[in-house]
Amino acid sequence: MAFELPALPYANDALEPHIDTRTMEIHHGKHHAGYTSKLNGAVEGTEMEGKSIEDLLANHTDNGAVRNNGGGYYNHNLFWEVMSPNGGGEPSGDLAEAINSAFGSFDEFKTAFSNAAATRFGSGWAWLCVHPGGKVEVCSTPNQDNPLMPDVGCGGTPILGLDVWEHAYYLNYQNRRPDYINAFFNVINWSKVAEYYSAGK
Ligand code: MN
């Protein structure tokens, strides 16, 4: 079964004004679609065909095409799901407790996550990850790497990810990556992140 581009969980214009419609159209319809088809091309006819995306990312990233396109496929799947037109605010429950325990407060978490996103030189991602037992950490990775890959300096299961490739924000924000990062906090779907936290801890 080949990997398929998932439908967005909302319309292309649903995250306006924080994420603009044209960026969503190109980002999902061209970039994410491209990673998906190139991932299928990279595994087709090999012993990797039919393996789960998690297996590919954990065990087969010595293959550059699988690393870049498998990462791109997985990372964007997560990215669309952790945003919502009804997002923003702060987490509650176990996730809020884990964030407070790790960072001191939600505001301190926001600063750490924003710094990880702002200081990633070039293209990459900022992550909030959960480790077995429930501890959370913030980290960042270059390119389409992610915490499921070995030896990326970042571990656990990603439960929140922010794409800081220029293709994610340049049409609307140009060089103003910090404004894009701030805007992302207005659309974070904390109830979805909490589901990932519960599943991953
Ligand atoms: Mn992207």
Side-chain angles (χ1 to χ4, degrees), residues 2-43 53-54 56-57 61 63-85 87-88 113-129 138-149 152-154 157-189 192-193 196:
F3 295 104
E4 292 183 4
L5 178 68
L8 286 176
Y10 35 75
N12 279 314
D13 64 359
L15 303 180
E16 291 268 10
H18 310 293
I19 314 262
D20 66 282
T21 305
R22 188 67 181 135
T23 294
M24 289 298 298
E25 290 170 352
I26 298 168
H27 200 177
H28 176 255
K30 303 294 185 188
H31 290 278
H32 195 188
Y35 296 124
T36 305
S37 66
K38 287 175 186 165
L39 172 61
N40 286 326
V43 302
I53 187 61
E54 289 82 4
L56 292 175
L57 297 179
T61 50
N63 180 307
V66 170
R67 184 185 199 102
N68 292 332
N69 296 296
Y73 172 75
Y74 176 95
N75 296 348
H76 292 85
N77 286 357
L78 177 68
F79 187 47
W80 312 135
E81 292 290 334
V82 297
M83 296 189 287
S84 165
F113 186 89
S114 298
N115 283 343
T119 60
R120 166 51 55 193
F121 184 76
S123 298
W125 291 75
W127 305 103
L128 177 66
C129 303
V138 160
C139 58
S140 87
T141 54
N143 304 314
Q144 294 296 355
D145 286 1
N146 72 43
L148 299 182
M149 299 178 183
V152 293
C154 204
T157 303
I159 60 175
L160 176 69
L162 174 58
D163 188 343
V164 295
W165 284 57
E166 284 189 345
H167 71 222
Y169 63 87
Y170 204 85
L171 288 180
N172 195 33
Y173 294 96
Q174 294 83 49
N175 63 322
R176 302 187 313 278
R177 190 192 286 185
D179 291 352
Y180 162 70
I181 295 166
N182 269 329
F184 176 65
F185 277 86
N186 292 320
V187 294
I188 295 176
N189 183 349
K192 180 61 77 173
V193 179
Y196 293 140

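Keep in mind that the numbers below use all heavy atoms, side chains included, and drop hydrogens, waters and symmetry copies. Note that ligands are numbered from 1 as they come in the structure, with each ligand's atoms numbered from 1 the same way.
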(message) Distance check below 2.8 Å: does His27 bring an N, O or S atom to the Mn ion (ligand 1)?
(response) yes
(message) Checking Lys38 against Tyr35 for the side chain to side chain contact (heavy atoms under 4.5 Å, CB included) test, could you report, in this order, the C-alpha distance in whole Å, the side-chain angles of both residues, the deciding distance, and whether it holds?
(response) CA-CA 5 Å; Lys38 287 175 186 165; Tyr35 296 124; 6.0 Å; no
(message) For Trp80 and His76, take the angle between the two ring planes, folded into 0 to 90°, and tell me which bin it lands in: parallel under 30, tilted 30 to 60, perpendicular over 60.
(response) tilted
(message) Is there a side chain to side chain contact (heavy atoms under 4.5 Å, CB included) between Tyr170 and Thr23? Walk through the geometry before answering.
(response) CA-CA 8 Å; Tyr170 204 85; Thr23 294; over 6 Å; no
(request) Using the Mn ion (ligand 1) as the apex, give the angle to atoms NE2 (His167) and NE2 (His76), rounded to 10 degrees. (result) 140°
(request) Report, as yes or no, whether the 6.0 Å neighbourhood of atom CZ on Arg176 holds more than 12 heavy atoms from other residues, nucleotides or ligands. (result) yes
(message) Can you tell me if, anywhere in His32, an N/O/S atom lies at a distance from the Mn ion (ligand 1) that is smaller than 2.8 Å?
(response) no
(request) Please find the N/O/S atom of Asp163 nearest to the Mn ion (ligand 1) and write down its name. (result) OD2
